[in-house]
Protein chains: 2
Amino acid sequence: MRADAARNRDKIVEAARQAFRTRGYDAPLDDIAKAAGVGAGTLYRHFPTRESLVDAVMQAWVERVNDAVGKVLAEGGTPRELLLRWFDTYVELISVHKGGPAKITRAMEDDTSPMRTKCQTLRAANAQIIDELGAALRPGVDSLQFARLVGGIASVVDQGNLPAPSVKPMLEVVVDGLLV
Amino acid sequence: MRADAARNRDKIVEAARQAFRTRGYDAPLDDIAKAAGVGAGTLYRHFPTRESLVDAVMQAWVERVNDAVGKVLAEGGTPRELLLRWFDTYVELISVHKGGPAKITRAMEDDTSPMRTKCQTLRAANAQIIDELGAALRPGVDSLQFARLVGGIASVVDQGNLPAPSVKPMLEVVVDGLLV
DNA sequence: CACGATACGGAGACACTCTCCGGTTAGCAA
DNA sequence: TTGCTAACCGGAGAGTGTCTCCGTATCGTG
């Protein structure tokens, strides 16, 4: 890739990061191109879909997820405390941008999604928690079910613009349902 | 209202019902107007927002919800059986149209929504179930929390195009978390 | 320094939303 | 039955956002 192309790509990603944070995932792509100081054609050549741009914006997110799950596991506590802490963290991780919970949760189900490697990270993080909890969890629980249950809650909170304290009681219900 | 206006309104609602069923809630409104054989201006005069049209389409839905909750209560069973049956029914009720779970669940939080009277029906139905279950439920559970938890699951299933059998295991987790 | 492969960009086509205002008609009173 | 007017209609067009095409620009190598 040419140097000017790399420069433009980075400018687009940074402009998108800003736009997604302030206006959500549905921020107009032509506006993002303008903010980046490039043409719309340039944006579309680097990122053919909104989702591929979102994936690029989430570059540092993988490390953030891994750090977070490591920290949650290191803090220990009862299975309930640990799972509640992880789910709290999980909601935070996927709620960075408005519309994020719905998009990321949907991408978890889609093996053709440009975000699939990022989703793999989330899946692996869930799997570490499941391994740690072992028999404390009801039978048949997997990584994807964690994603769906908590992603559903995060989506409702995000789309309904609910206050942060709404999350905890619902996570408690799910945690108590998951543990035996 | 003039007779021709009432006829047009009915035609629009029927065209919308078809469009929402086959193409989801985001079906283009100009297309719906065309299918109804009226002008876009006519559609917008009868229904200033997509949500007000959705509300009109849901006219018979109130009766359907009341019938459903009555039936669920009449069948009895253990608290777990009753609650699972209700949640199953709840997911079916809000998933009639693609995009329905997300929209209805969001409308539950919005007192200015044109769908608020329909949502009131859902809230009341949840309240009947909560009354019936009484002390079998963990403390602090209310009608809105039912709506959020189950609405979240329904949204994830709807948006991820998950198969119907995916729903049950997740509802079981929530039910077991809600009961003491 | 020249050249060509690679990258750019923005106008415009397309899709959808929604309003405006000239035209039409239902229904009522004389 | 007729005339009148308030209520209703409808569709063109302005606005917004997506995304492609192709003439132009420039990076990087020989």
Side-chain angles (χ1 to χ4, degrees), chain A residues 1-57 97-100 102-103 106-107 110 112-115, chain B residues 1-57 97-100 102-103 106-107 110 112-115:
Chain A
M1 187 190 280
R2 266 165 45 178
D4 60 334
R7 250 191 332 273
N8 279 341
R9 189 182 185 286
D10 291 346
K11 282 158 69 184
I12 295 165
V13 170
E14 188 44 41
R17 194 187 314 281
Q18 298 290 344
F20 289 159
R21 189 180 311 116
T22 59
R23 300 159 75 182
Y25 279 125
D26 294 325
L29 296 183
D30 278 35
D31 282 359
I32 290 173
K34 280 200 183 71
V38 303
T42 301
L43 185 149
Y44 282 94
R45 204 188 25 267
H46 283 287
F47 305 102
T49 63
R50 179 182 296 273
E51 224 185 347
S52 56
L53 179 52
V54 166
D55 185 66
V57 164
H97 303 119
K98 181 126 183 111
K103 269 183 168 44
R106 191 186 312 120
D110 184 3
T112 66
S113 170
M115 290 195 275
Chain B
M1 185 190 281
R2 266 165 45 176
D4 59 335
R7 249 188 336 270
N8 279 343
R9 189 182 184 283
D10 291 346
K11 282 159 70 184
I12 294 166
V13 170
E14 188 45 41
R17 195 188 311 282
Q18 298 291 343
F20 289 160
R21 190 180 310 118
T22 60
R23 300 162 71 182
Y25 279 126
D26 295 326
L29 296 183
D30 278 33
D31 282 359
I32 291 175
K34 279 197 183 70
V38 303
T42 303
L43 186 149
Y44 281 94
R45 202 185 29 269
H46 284 288
F47 306 101
T49 63
R50 179 181 296 274
E51 223 186 348
S52 56
L53 179 52
V54 166
D55 185 65
V57 165
H97 304 117
K98 180 125 184 111
K103 271 183 165 48
R106 190 187 311 121
D110 182 2
T112 66
S113 170
M115 290 194 275

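Computed over heavy atoms, backbone and side chain alike; hydrogens, waters and symmetry mates excluded. Every chain is numbered from 1 and lettered A, B, ... according to where its sequence line falls, protein lines coming before strand lines.
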Worksheet item: A:Asp26 CG to D:dT18 P: how many Å, rounded?
Response: 9 Å

Practice prompt. Tell me whether the OP1 or OP2 atom of D:dC19 has a side-chain N or O from A:Tyr44 closer than 4.0 Å.
Written response: yes

Worksheet item: Looking across every strand, which nucleic acid part, if any, lies under 4.0 Å from A:Arg9 by heavy atom: base, sugar-phosphate, or nothing?
Response: nothing

Worksheet item: When you check the phosphate oxygens OP1 and OP2 of C:dA7, does a side-chain N or O of A:Thr42 lie under 4.0 Å from one of them?
Response: no

Practice prompt. Look at A:His46 and C:dC8 and indicate whether a side-chain polar atom (N or O) is within less than 4.0 Å of OP1 or OP2.
Written response: yes

Worksheet item: If we only count heavy atoms from C-beta on, is the A:Ser113 to A:Arg106 side-chain gap below 4.5 Å?
Response: no

Discussion item. With hydrogens left out and only the distance checked, is there a donor-acceptor pair under 3.5 Å joining A:Asp30's side chain and the base of D:dC19?
Written reply: yes

Discussion item. Categorize A:Arg50 for me: base, sugar-phosphate, or nothing, with a 4.0 angstrom heavy-atom threshold over every strand shown.
Written reply: sugar-phosphate

Practice prompt. Check every atom of D:dC8, C:dA7, C:dT17 against the side chain of B:Met1 and return the nucleotide holding the closest atom.
Written response: D:dC8

Worksheet item: Taking the side chain from A:Arg9 and the backbone from A:Phe47, do they hold a donor-acceptor pair closer than 3.5 Å?
Response: no

Practice prompt. Heavy atoms only: give me the nearest B:Leu29-B:Leu43 pair and the separation to one decimal.
Written response: O-CD1, 3.4 Å

Practice prompt. Figure out the CD1/P separation between A:Ile12 and C:dG10, and round it to whole Å.
Written response: 13 Å

Fill in: A:Glu14/A:Arg17 salt bridge by N-O under 4.0 Å criterion
yes

Discussion item. Using a 4.0 Å heavy-atom cut-off, does B:Ala40 contact any base of the nucleic acid, only the sugar-phosphate backbone, or nothing at all?
Written reply: base

Worksheet item: Within this structure, what is the CG-to-P distance between B:Asp4 and C:dT25, rounded to whole angstrom?
Response: 9 Å

Fill in: N/O donor-acceptor pair, side chain B:Arg2 with base D:dA7, under 3.5 angstrom
yes

Discussion item. In the structure I gave you, are the side-chain heavy atoms of A:Tyr44 and A:Leu53 within less than 4.5 Å of one another anywhere?
Written reply: no

Fill in: Atom pair distance, as rounded to whole Å: CZ in A:Phe47 and P in C:dG9
14 Å

Discussion item. Distance check needed: D:dC27 P versus A:Asn8 CG, whole Å only.
Written reply: 10 Å

Worksheet, complete the sentence: Heavy-atom nearest nucleotide on DNA chain C taken for B:Arg7 and for B:Thr49; more 5' hit belongs to B:Thr49

Worksheet item: Does B:Ala3 or B:Arg45 map to a spot on DNA chain C nearer the 5' end, using the closest nucleotide for each?
Response: B:Arg45

Item to complete: To the nearest Å, give me how far apart NZ (B:Lys34) and P (C:dC16) are.
Response: 9 Å

Worksheet entry | Between D:dG10 (C1') and B:Lys11 (NZ): distance, integer Å | 12 Å

Worksheet entry | Gap between atoms CG and C1', on A:Asp31 and D:dG15 respectively (whole Å) | 13 Å

